[in-house]
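Written out below as structure tokens is the structure these notes cover.
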Amino acid sequence: MQMVSGPEVEENLVVARRLIDAAVAGGAELVLLPEYFGILGAPLAARQAAYENDGDGLQQRFLSETARTHRIYLIGGCVPIKSPPLQEPAVEARADGVLPPSSPTRTRSACLVYRPDGERVARYDKIHLFKFTNGDEAYDEAEMIEAGDIPEANSASGTFVAPCGRVALSICYDLRFPELYRRFGEVALIVVPAAFTAVTGRAHWEVLLRARAIENQCYVLAAGQGGSHPNGRETYGHSMLIDPWGQIVSCLPHGEGVAAGVVDPMRIEEVRCQLPALQHRRL
């Protein structure tokens, strides 16, 4: 699914619901929402107000209820989940009796998965935090976001099992780090919710997605933000499904909509039998 989210959570969820309805009407059993589907480009105070406690909040309730209503697996590209506060040593007041300012609330970008009964079955916190500047635009996610924990190699952490097979979770900038996907072991599908900038997307989006599909011999489903946002940001879009041979099955270049296709276990088996590269790994 592809969106062009803005600063108002409620408005973005209305759009997400409409697009999910369309995807389900087309036969979708698993739906992936893009990164920042619930809020993008809001002022700092509004972003902090949208942070949710783990297990409860507007975006989490939306995901759970929508998954249950449609009886689908629903993946929320990223939800801002509050982190526990840092345990800092006690500080004394200044001479004028004023305490130093407390640390700002920390958050993690969490990719959340809900099964058809509305229960959450997986959470993956974004590990690699985007930083980019080219003189015209600048981003540094580490200013507001805490990096997630690295999953154990070949563990169930960061994955879940769907009817199509085992699914590995990641978020946007993670795409540039192939070693992350190796830690998940053999999977049928990798999902990449994203909000790639127009500049980095034109240069690298498709080639990185196709590389991850080819080297892991699995499907890759990428859901992006794709258009001109109210705050002036331009995102690249091109949400797509790629097969284990690196062929693009479906692609939506720009604007709101759905890129859909079938994850075929027989196609995965065919590619892995013809070219058993995963068996030939030495490292």
If we ignore hydrogens and angles and just use 3.5 Å, is the side chain of [X] paired with the main-chain N or O of [Y] as donor and acceptor?
X: S250; Y: A260; answer: yes
X: N12; Y: G6; answer: yes
X: E146; Y: S83; answer: no
X: R17; Y: F62; answer: no
X: N134; Y: E137; answer: yes
X: R71; Y: P116; answer: yes
X: R212; Y: L175; answer: yes

Taking [Y] as the starting point, is it possible to reach [X] by hopping between hydrophobic residues whose side chains are less than 4.5 Å apart?
X: M3; Y: Y114; value: yes
X: V192; Y: Y173; value: no
X: V121; Y: L112; value: no
X: V15; Y: L13; value: yes
X: V113; Y: I72; value: no

Distance in Å, [X] [atom1] paired with [Y] [atom2], rounded so as to fall on 0.5 Å steps:
X: R120; Y: L74; atom1: CZ; atom2: CG; result: 13.0 Å
X: D149; Y: I127; atom1: CG; atom2: CD1; result: 8.0 Å
X: S109; Y: I171; atom1: OG; atom2: CD1; result: 5.5 Å
X: T66; Y: I20; atom1: OG1; atom2: CD1; result: 5.0 Å
X: R233; Y: T197; atom1: CZ; atom2: OG1; result: 7.0 Å
X: R61; Y: Q59; atom1: CZ; atom2: CD; result: 10.5 Å

Notebook entry, point to check: Can you list the steps and then say if M1 with V258 is a side chain to side chain contact (heavy atoms under 4.5 Å, CB included)?
Noted result: CA-CA 4 Å; M1 240 178 63; V258 177; 4.0 Å; yes

Looking only at non-hydrogen atoms, find the nearest pair between [X] and [Y] and report the distance.
X: Q217; Y: L278; answer: OE1-CG, 3.4 Å
X: I145; Y: R108; answer: CG2-CA, 4.3 Å
X: A168; Y: T159; answer: CA-CG2, 4.0 Å
X: D174; Y: Y124; answer: OD2-OH, 2.7 Å
X: V4; Y: S228; answer: CG1-O, 3.5 Å
X: R272; Y: V187; answer: NH2-O, 2.7 Å

Note to self: Heavy-atom count check: over 12 atoms from other residues, nucleotides or ligands less than 6.0 Å from E179 CD?
What the structure shows: yes

Notebook entry, point to check: More than 12 heavy atoms of other residues, nucleotides or ligands under 6.0 Å from CD of E270: is that the case?
Noted result: yes

Less than 3.5 Å apart, which donor and acceptor atoms pair up between the side chains of residues 22-40 and the rest of the protein, not counting sequence neighbours?
from: E35; atom 1: OE1; to: A195; atom 2: N; distance (Å): 3.1
from: E35; atom 1: OE2; to: K126; atom 2: NZ; distance (Å): 2.9
from: Y36; atom 1: OH; to: E141; atom 2: OE2; distance (Å): 2.7

Next item on the list: Let me know which of H229, H254, Q225 forms a side chain to side chain donor-acceptor pair (under 3.5 Å) with T235.
Entry: H229

Report yes if some heavy atom in the side chain of [X] is under 4.5 Å from a heavy atom in the side chain of [Y]; otherwise report no.
X: E10; Y: L58; result: yes
X: V167; Y: V263; result: no
X: Y181; Y: V220; result: no
X: V249; Y: M240; result: no
X: F184; Y: I190; result: no
X: P80; Y: R47; result: no
X: V199; Y: E234; result: no
X: R123; Y: D54; result: yes

Item checked: With sequence neighbours excluded, residues passing side chain to side chain donor-acceptor pair (under 3.5 Å) with Q247 -> none

Note to self: Using side chain to side chain contact (heavy atoms under 4.5 Å, CB included), reason through N216 and E186 one step at a time and then give a plain yes or no.
What the structure shows: CA-CA 7 Å; N216 293 288; E186 292 188 14; over 6 Å; no

Next item on the list: Evaluate the ring planes of F132 and Y139, with Trp represented by its six-membered ring, and classify them as parallel (under 30°), tilted (30 to 60°) or perpendicular (over 60°).
Entry: parallel

Next item on the list: Show your reasoning for whether ring-ring contact (aromatic ring centres under 6.0 Å, His included) applies to F196 and Y236.
Entry: CA-CA 6 Å; F196 255 57; Y236 185 62; 7.9 Å; no

